[in-house]
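What you see is a predicted model, and the numbers here were worked out from it, not measured in a lab.
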Amino acid sequence: MGTFAGHLYPGLFLVFYGLYQAIVVSKAAIFNDSLLYPSRPLRNKGRWARLWKLCYGGLLKMVTGSLLIAYEISCVTGGLKLMNRELPPRFMYPKQWQHLTMFILLSLNGCVDVTSKNLLPQRCVLLEKGTLVLTVYVLLLLLVSHVQDSSGVELQIHSLLILVVFLLMLVLTVELWAPDTFYLLMIETLLFLLMGSWLIQAAFILYRPVTGYPWQDDDISDIMFITTFFCWHLMINALCLLGIYGVSFFWHRCHSPNLKLMVTKEAPYAKSTVGSLYKLLQEGEQAEKEEQALLLSKSSP
């Protein structure tokens, strides 16, 4: 991962995942739908019904994690070895093993999402959220030790990345007790987008500067502009999230009238069902009271 492509590819995955989640969260907010159990009134029948119920986010994690694992192993000439054969033996490729651990956890998190949403008889939201929180916890620990030998520009870049991962860890921890909260999921989506775009920016700063000249570790202006660029990324991603919500709002309101009718039709049906059950219970209680009164009148002299 200590290359241009090693920062670029994980950043692109996080950006695409954040955009996908932004669309899902925006749609749920527009139709006042559940974020955990979204309704699919127009796509619940037919031969393609199972395709619409697949966990695309989990599949994206599995495929991306597997590809990144293969890429990380292929980057090490002679194979990724844990220890050498010298005496005393020493651990080899510490950063590569940390990258491999991150990618393995990403793939496992995708497997848990697919299993919970598509294979288990009942979805386990706590299992999904708990696995994601554990993944972010491990990612934070690995990143903190990852910058031990860094300095200057590289240290500043990774410190800001650690800040994003720490905030994401806090948000995901709170979601364990409030998993269906719109505002928390919006903040989570923003942090995923910020992490992805910042990794892409880090790839260009560290390995392919736009000016063609490397950034200087002893120049305080370079260090300050890294923080300035990070703030620009935060504002741009927030505007991107707002733009996705706005486009989704106008798109669904203008091009999905049938979906609105379906949502409005389901509520009266549910209310009428509850009302009919309530009437049946009342009639049963009334009949039972009449029978008790009749038995009492017969038993009395």
Side-chain angles (χ1 to χ4, degrees), residues 1-18 64 67-69 71-78 80-84 90-106 135-171 190-240:
M1 191 176 172
T3 59
F4 176 78
H7 286 76
L8 180 66
Y9 294 152
L12 288 174
F13 158 72
L14 290 170
V15 169
F16 286 130
Y17 179 77
T64 305
L67 292 176
L68 290 175
I69 289 172
Y71 172 77
E72 190 67 35
I73 295 176
S74 64
C75 287
V76 180
T77 57
L80 192 61
K81 300 177 182 178
L82 183 61
M83 302 183 72
N84 58 14
R90 299 295 181 187
F91 288 105
M92 301 178 64
Y93 310 111
K95 289 193 174 183
Q96 285 76 9
W97 279 106
Q98 287 187 342
H99 300 156
L100 197 64
T101 305
M102 298 176 190
F103 301 149
I104 291 175
L105 282 174
L106 177 63
T135 302
V136 177
Y137 280 0
V138 175
L139 176 62
L140 181 62
L141 291 174
L142 292 176
L143 283 176
V144 170
S145 66
H146 204 67
V147 297
Q148 295 298 323
D149 59 345
S150 302
S151 60
V153 173
E154 184 179 359
L155 179 61
Q156 185 71 7
I157 290 174
H158 286 88
S159 298
L160 293 172
L161 181 63
I162 290 173
L163 174 62
V164 178
V165 176
F166 176 73
L167 294 176
L168 181 61
M169 180 194 69
L170 294 180
V171 173
L190 176 62
L191 292 175
F192 272 120
L193 287 172
L194 180 60
M195 195 193 312
S197 64
W198 188 242
L199 275 174
I200 296 173
Q201 180 72 65
F204 284 96
I205 291 176
L206 295 175
Y207 303 101
R208 294 185 184 179
V210 179
T211 60
Y213 296 94
W215 290 56
Q216 301 299 319
D217 292 336
D218 55 352
D219 191 349
I220 190 62
S221 62
D222 284 0
I223 305 296
M224 294 176 65
F225 263 102
I226 288 176
T227 308
T228 304
F229 288 162
F230 179 81
C231 295
W232 290 355
H233 277 264
L234 177 60
M235 293 185 292
I236 291 172
N237 284 306
L239 291 175
C240 178

Of all heavy-atom pairs linking P214 and P209, the shortest is CA-CG, 4.0 Å

Hey, could you give me the CG/CG distance between L194 and L199, rounded to the nearest 0.5 Å?
9.5 Å

Only counting residues at least two apart or in another chain, list the ones meeting salt bridge (Lys or Arg N to Asp or Glu O under 4.0 Å) with K81.
none

Result block: side-chain N/O donor-acceptor pairs under 3.5 angstrom for residues 228-237, not counting sequence neighbours:
residue, atom, partner, partner atom, Å
T228, OG1, M224, O, 3.1
H233, ND1, S197, OG, 3.2
H233, NE2, Q201, OE1, 2.9
N237, ND2, S197, OG, 3.0
N237, ND2, H233, O, 2.8

Nearest-0.5 Å distance that lies between atom CZ in F192 and atom CG in L168
5.0 Å

Should the pair Y207 and H7 be assigned to parallel (<30°), tilted (30 to 60°) or perpendicular (>60°) ring geometry?
tilted

Can you measure from CG (L139) to CG (L142) and round to the nearest 0.5 angstrom?
7.0 Å

Could you tell me which residues satisfy ring pair (Phe, Tyr, Trp, His ring centres under 6.0 Å) with F16, sequence neighbours excluded, listed by chain and number?
none

Considering only distance and modelled atom types, tabulate donor-acceptor pairs under 3.5 Å from the side chains of residues 153-165, sequence neighbours left out.
residue, atom, partner, partner atom, Å
Q156, NE2, T227, OG1, 2.8
H158, ND1, E154, O, 2.8
S159, OG, L155, O, 2.6

Among pairs that include at least one residue of residues 9-18, which meet salt bridge (Lys or Arg N to Asp or Glu O under 4.0 Å), considering only residues two or more places apart or in two chains?
none

Rounded to the nearest 0.5 Å, what separates atom NE2 in H146 from atom CE in M102?
5.5 Å

Pair listing, salt bridge (Lys or Arg N to Asp or Glu O under 4.0 Å) test, anchored in residues 91-102, at least two apart
K95-D149

Residue pair T135, L106: steps toward the side chain to side chain contact (heavy atoms under 4.5 Å, CB included) verdict
CA-CA 7 Å; T135 302; L106 177 63; 5.6 Å; no

Measuring from atom CG of L100 to atom OH of Y71, what distance do you get when rounded to the nearest 0.5 angstrom?
13.5 Å

For atom CZ of F13, is the number of surrounding heavy atoms from other residues, nucleotides or ligands below 6.0 Å larger than 12?
yes

Shortest non-hydrogen contact from A203 toward F4
O-CD1, 3.4 Å

Taking side-chain contact (heavy atoms from CB on, under 4.5 Å) as the definition, give me every residue that meets it alongside F91, ordered by chain and number, with sequence neighbours left out.
L82, M83

Pairwise distance CE(M195) to CG(L190) - rounded to 0.5 angstrom:
11.0 Å

side-chain contact (heavy atoms from CB on, under 4.5 Å) with P94: which residues, sequence neighbours excluded?
none

Applying side chain to side chain donor-acceptor pair (under 3.5 Å) to T101 and not counting sequence neighbours gives none

Nearest heavy-atom contact between I226 and W215 is CG1-CZ3, 3.7 Å

Please identify each residue that fulfils side chain to side chain donor-acceptor pair (under 3.5 Å) with D219, with sequence neighbours left out.
S221

Sequence-distant partners of Y93, side-chain contact (heavy atoms from CB on, under 4.5 Å), two or more places apart
V76, L80, Q96, W97

State, to 0.1 Å, how close L191 and V171 come at their nearest heavy-atom pair, and which atoms those are.
CD1-CG2, 4.1 Å

